[in-house]
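Just below is one structure, and these are the notes that go with it.
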Amino acid sequence: MEILLFGITREIVGRNSLEVPSKETIQTVGQLKAWLGAQYPALNKLSSLAVAVDSEYAHDHQTLSPGQEVALIPPVSGG
Amino acid sequence: MEILLFGITREIVGRNSLEVPSKETIQTVGQLKAWLGAQYPALNKLSSLAVAVDSEYAHDHQTLSPGQEVALIPPVSGG
Amino acid sequence: MERMLIKIVEDIDLQEAYQFLLSPKAGGIDLFVGTVRDHAQGKEVVKLVFEAYAPMALKEMEKLAAAAQQQWPIEKLVMLHAVGEKLVGEPVVLIGVASAHRDAAFTACRFLIDELKKTVPIWKKEFYQDNSVWVNAHP
Amino acid sequence: MERMLIKIVEDIDLQEAYQFLLSPKAGGIDLFVGTVRDHAQGKEVVKLVFEAYAPMALKEMEKLAAAAQQQWPIEKLVMLHAVGEKLVGEPVVLIGVASAHRDAAFTACRFLIDELKKTVPIWKKEFYQDNSVWVNAHP
């Protein structure tokens, strides 16, 4: 599963996107956030961290399926 | 004394300005309004009628002096 | 640096107003443009004609601008009002406020257009298909 | 007739937005332009860099536009957000609402910029003389 990265999450990870190894058993948005927080502790220090699935904000209980576009959404600051 | 006329007051009187005959003893804004209402009864039908003296809204008790610029201000409708 | 642009004009120039409002200290610019609507009082409007008592109108607009500057932190302020014949869709008034924060820009802009309509000696005659009327003149 | 112009752009074009907003049924247009301020958090700002998750940002802006159109009678609506490097004084966001009456134009415009700042996935990095920071990223 590939995760698109923006803003400060891109800088924390050091890349525009991130591949979650297929051996990881990540089924929900919440599990993805927990796994990412363990891999990149700096993500836990953000004011908030949302996940978008197919360009919509996703809840923690939402199930992830193959083929979806998944992105990390750090605190927005447009305008 | 010359009175500048705008908007509907200009149309009621039929001119851009109006001369108050010097024989009239008009000393205040209130007296001027009363005299004008008698000469041009259509002025009494307006929603409101203000007088400006030297381009400032004037109160009815304000005294009129020679050399001032006096204007009739019917209900404004700018914007 | 001149902070206020207040004019009675033949034609409203949005670009002139915008250029005047740009300021390194401003984070938000609110611009209100009043335009001629094709209907009023349930009738089809053909055109409007605006007339101003210009020296007094400018004085009144300057008073409103000063009142706004006392109430809100304003970097730049524009008030333009057109006179003469205006067709449907054409701009007739422009209010612009630039401030460090958007709250002041919105609030002051709204204040200025609301107050302008109450006190500034400018008159609008609405022309419909069949007749015409001085707006607000009668109860 | 297209009623909404929603775009992520390199450069904000005020004139394009204004032309789009003009409508014979509109009596009031409120335009908000956010510009780069020379100071933030008490520091001198050199430039900003904006980054967007464009497909999602457009979707979120369209949701806000739809929400505004449900709440207020809107003739035309524009939402433009710039990406890339922006210097002090340059425009970065433009919201425009045209409505028959000014109350709806002001209120909807304010709603749209306030909500855009909360939900639309666009990020701003502020560059000061000595360092830089992603705005809002940390508590």
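A quick note: this is a predicted structure, and the numbers were derived from the prediction, not measured. Scope of the values below: all heavy atoms of this structure, side chains included, with no hydrogens, waters or symmetry mates. Order of the sequence lines fixes the chain letters, A, B, ..., with proteins taken first and strands second; residue numbering starts at 1 for each chain.
Counting heavy-atom pairs closer than 4.5 Å to chain D, the top-ranked of the candidates Leu21(C), Val88(C), Val45(C), Asp103(C) is Asp103(C). The residue among Gly89(C), Gly34(C), Ala26(C) with the most heavy atom pairs within less than 4.5 Å of chain D is Ala26(C). Put simply, of Leu14(C), Leu22(C), Leu31(C), the one with the most heavy-atom pairs under 4.5 Å next to chain D is Leu31(C).
Only the backbone of Val36(C) comes within contact range of chain D, with heavy atoms under 4.5 Å apart.
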Please output the side-chain donor-acceptor pairs of residues 90-100 of chain D that fall under 3.5 Å, not counting sequence neighbours, one pair per line with the distance.
{"from": "Glu90(D)", "atom 1": "OE1", "to": "Leu87(D)", "atom 2": "N", "distance (Å)": "2.6"}
{"from": "Ser99(D)", "atom 1": "OG", "to": "Pro73(D)", "atom 2": "O", "distance (Å)": "2.6"}

Show me, pair by pair, the donor-acceptor contacts under 3.5 angstrom made by side chains of residues 61-70 of chain D, not counting sequence neighbours?
{"from": "Lys63(D)", "atom 1": "NZ", "to": "Glu56(A)", "atom 2": "OE1", "distance (Å)": "2.4"}
{"from": "Lys63(D)", "atom 1": "NZ", "to": "Glu60(D)", "atom 2": "OE2", "distance (Å)": "3.1"}

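A cation-pi arrangement is absent between Lys86(C) and Phe50(C) under the rule of less than 6.0 angstrom and at most 45 degrees off the ring axis.
Two rings, from Trp123(C) and Tyr53(C), have their centers 6.0 Å or more apart.
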